[in-house]
Amino acid sequence: MKKILDLMTEQFSKAFAAAGYDEKYGRVTVSNRPDLCEYQCNGAMAAAKEYKKAPFMIADDVAAAISQSDMFKSVEVVKPGFINIIVSDSMLSSYINEMAREEKLGYEADGSDNIIIDYGGPNVAKPLHVGHLRTAIIGESLKRIFRFAGNKVTGDIHLGDWGLQMGLVIEQLHDNKPDLPYYDETFEGEYPKEPPFTLSELEQIYPAASARSKVEETFKERAQLATYKLQKGYKPYRALWKHIMNVSVADLRQNYENLNVEFDLWKGESDAEEYIDEMIADFEAKGLVHESQGALVADVKEETDTKEIPPCIIKKSDGATLYATTDLATIIMRVKEINPDKIIYVADNRQEMHFTQVFRVAEKAFFSKKAEYIFHGFGTMNGKDGKPFKTREGGIMRLENLIAEINEAVYNKIMENRQVSEEEARTIAKTVGLAAVKYGDLSNQASKDYVFDIDRFTSFEGNTGPYILYTIVRIKSILEKYAQTGKNADKLSGGVNSELNESEKQLMLELSRFNEMMESAYREMAPHKICAYIYDLSNAFNKFYHENRIIAEEDEKKQTGYIKLLEVTKRTLEVCIELLGFSAPSKM
Ligand code: ARG
């Protein structure tokens with residue numbers, strides 16, 4: 001469906017042409033004086049220069065040329081030469097009716113790319129913390145938006161499953177349980193099928209080992225060696241690694257499921273291992289790398305750089321490969337398996353340098369099979385003190401605990417109203433809590449830091465997830481009441497009303513902006529635009545709700561029009577929250 005702005009711009013362009021001016025001046029925009037008009041065209045101001053004529057004279061000519069159109073209720077020239085526009089009820093109502101008939105509410109999905117989104121990136125054996133929350137929330141929403149726009153999208157979690165944390169766990173476990181067969185070099189039997197630890201044991205092993213490695217140099221060296229052996233295929237450690245993976249990944253799956261985050265691929269850094277040797281040989285053959293203090297590095301700086309971009313280290317002097325090596329090899333794997341047009345990496349802003357280096361090496365090395373690489377960096381989630389979010393005790397907040405805290409806050413709010421049983425309140429609190437967290441995050445532009453404020457995020461009023469859900473629940477309940485009266489809006493009418501009262505019109509105006517908003521949310525990878533839109537839409541709906549009697553409306557035709565408007569509002573809100581990655585309960 002054409003965007004409402006474009007429809008109007010077409011009319012105005014024609015009017016400019018008919019009045020003897022260049023049609024390029026016909027652009028219509030949303031009014032910045034909503035108290036005066038709904039839309040405006042400022043083209044006469046710009047045209048005045050070209051035609052050396054007073055702007056209001058041009059505006060008058062254009063307004064005269066346009067007055068025939070039934071699209072507008074009024075087209076008014078105000079000095080010095082603005083054209084104020086009020087759209088007609090009939091045009092708006094037919095636009096909304098058409099939108100209601102469309103599967104994507106009038107949004108024209110024209111994406112046709114094959115895209116990989118790399119997000120999540122948790123590190124196996126380490127507990128998930130809030131830092132991983134943002135990439136999961138943002139990445140999931142981008143994945144849905146890109147799909148909605150028509151692209152083929154593969155979401156890959158890209159587990160951090162190959163780093164030093166594995167060596168640390170292996171060596172700590174060695175000290176805790178020295179008799180395990182994995183540490184017996186003479187052992188020739190089959191390794192046990194059962195993991196030698198539970199999840200909670202594993203969760204204690206890593207922090208202990210990590211703390212120890214910081215004070216005990218020999219322990220750190222042991223862990224580095226163990227990591228190296230693991231990566232080179234040492235059988236006992238591979239066997240142990242599989243156990244670490246199984247136990248940890250089962251828990252991760254649960255955590256992401258609770259977040260309503262779904263990956264198509266559960267690949268990890270380890271999956272790229274098999275491509276590394278050949279890749280390095282290829283870099284050497286192409287002369288992309290050279291030796292520097294025993295390490296193998298690729299120069300990536302460019303003349304236009306405004307800050308220092310250090311060389312990308314591909315292999316350390318001890319033969320170990322690095323984060324960048326893995327990311328490069330992963331690109332080779334992805335090109336081979338998926339052949340993407342684009343790879344989007346959602347990660348913390350602090351990883352920007354890493355990705356700049358990786359992309360530059362990739363641009364030089366993989367020129368024959370090229371994908372577009374995009375780094376979508378996000379800011380830090382801070383506490384109310386403006387510093388990175390911590391627990392009350394000052395430690396790293398585990399994701400699970402954070403979610404539990406949010407759910408508790410929402411649960412208490414629901415119980416204040418006491419309209420549902422405790423059990424029901426618990427279930428609802430999960431749905432609403434998730435919306436609180438996700439909306440709180442996504443309503444900010446991703447690249448910026450934001451303050452995580454549980455009280456504000458869980459409030460049922462204001463620019464929050466719960467407020468949006470509350471609005472949807474309100475609509476659902478009205479529709480239910482209407483259905484209980486035994487009436488059927490589908491049988492009674494063709495659609496929304498065509499003679500509108502003020503709040504009804506405002507609601508329709510908001511609705512009609514859906515396709516335009518979607519287009520820019522997609523183009524700019526900006527879920528916060530969806531948040532801003534549904535906040536405005538919810539406000540417009542609630543105003544409409546307070547100013548009109550819906551169930552008590554006696555004029556049945558009018559009532560049916562209201563019901564149709566409620567239906568399309570509900571659907572639009574639901575489509576939007578689905579794109580943000582959460583859903584609405586039926587009560588709250
Ligand atoms: N595992 C990394 C971390 O926790 C994030 C991975 C991001 N994705 C990537 N392809 N490097 O910092």
Side-chain angles (χ1 to χ4, degrees), residues 115-140 142-143 153-169 206-207 210 227 231 241 244-245 248-249 251-252 255-256 259 261 263-273 275-276 279 300 312-314 321-335 337-338 340 342-363 366 371-381 388-389 396-399 446-447 525:
I115 297 171
I116 295 177
I117 303 193
D118 176 318
Y119 69 107
N123 299 313
V124 173
K126 300 189 198 176
L128 272 179
H129 60 80
V130 295
H132 294 112
L133 187 65
R134 292 214 75 188
T135 162
I137 293 177
I138 297 166
E140 180 68 22
L142 290 181
K143 185 186 77 183
V153 188
T154 309
D156 184 2
I157 187 167
H158 198 69
L159 295 168
D161 60 355
W162 211 225
L164 183 62
Q165 84 265 32
M166 292 298 178
L168 287 167
V169 170
Y206 172 75
S210 164
T227 309
Q231 296 187 350
W241 176 78
I244 302 175
M245 288 294 285
S248 191
V249 169
D251 179 53
L252 284 174
N255 268 291
Y256 284 107
L259 286 174
V261 168
F263 299 100
D264 306 291
L265 293 178
W266 279 74
K267 295 221 174 220
E269 295 175 355
S270 65
D271 289 294
E273 176 68 14
Y275 297 91
I276 288 182
M279 176 182 83
V300 288
C312 180
I313 308 177
I314 305 292
T321 52
L322 293 103
Y323 189 35
T325 327
T326 317
D327 262 323
L328 285 161
T330 303
I331 294 179
I332 298 184
M333 174 180 78
R334 287 174 173 164
V335 167
E337 293 176 0
I338 297 180
K342 285 183 187 161
I343 308 178
I344 300 170
Y345 298 83
V346 182
D348 192 299
N349 278 337
R350 283 165 286 193
Q351 298 205 16
E352 184 173 8
M353 178 63 83
H354 163 76
F355 284 106
T356 304
Q357 293 175 313
V358 167
F359 296 170
R360 287 190 180 180
V361 177
E363 295 281 349
F366 312 142
E372 187 188 343
Y373 314 110
I374 298 162
F375 170 62
H376 192 68
F378 55 80
T380 310
M381 181 175 129
F389 195 85
I396 288 181
M397 177 67 116
R398 294 186 47 160
L399 193 52
S447 60
M525 308 212 297

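Counting starts at 1 for both ligands and their atoms, following the listed order.
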- Query: Where the side chain of Asp156 meets the backbone of Tyr119, is there a donor-acceptor pair that is under 3.5 Å apart?
  - Reply: no
- Message: Just so I know, are the side chains of Ile343 and Arg334 near enough to count as touching, which here means a heavy-atom distance under 4.5 Å?
- Response: yes
- Message: So, using side chain to side chain donor-acceptor pair (under 3.5 Å) as the criterion, who are the partners of Gln231 when residues are at least two apart?
- Response: none
Which pairs of nitrogen or oxygen atoms, taken one from ligand 1 and one from the protein, are under 3.5 angstrom apart?
| from | atom 1 | to | atom 2 | distance (Å) |
| --- | --- | --- | --- | --- |
| ligand 1 | 1 (N) | Gly121 | O | 2.8 |
| ligand 1 | 1 (N) | Asn123 | OD1 | 2.9 |
| ligand 1 | 4 (O) | Gly121 | O | 3.2 |
| ligand 1 | 4 (O) | Asn123 | ND2 | 3.0 |
| ligand 1 | 4 (O) | His132 | NE2 | 3.4 |
| ligand 1 | 8 (N) | Asp118 | OD1 | 3.1 |
| ligand 1 | 10 (N) | Asp118 | OD2 | 2.9 |
| ligand 1 | 10 (N) | Asp327 | OD1 | 2.8 |
| ligand 1 | 11 (N) | Tyr323 | OH | 2.8 |
| ligand 1 | 11 (N) | Asp327 | OD1 | 3.4 |
| ligand 1 | 11 (N) | Asp327 | OD2 | 2.8 |
| ligand 1 | 12 (O) | Gln351 | NE2 | 2.9 |

- Query: Tyr256 and Phe263: aromatic ring centres closer than 6.0 Å?
  - Reply: yes
- Give a yes or no on whether the ring-centroid distance for Phe355 and Tyr345 is below 6.0 angstrom. yes
- Judged by atom type as modelled, is there a donor-acceptor pair below 3.5 Å linking the side chain of Gln165 to the main-chain atoms of Gly160? yes
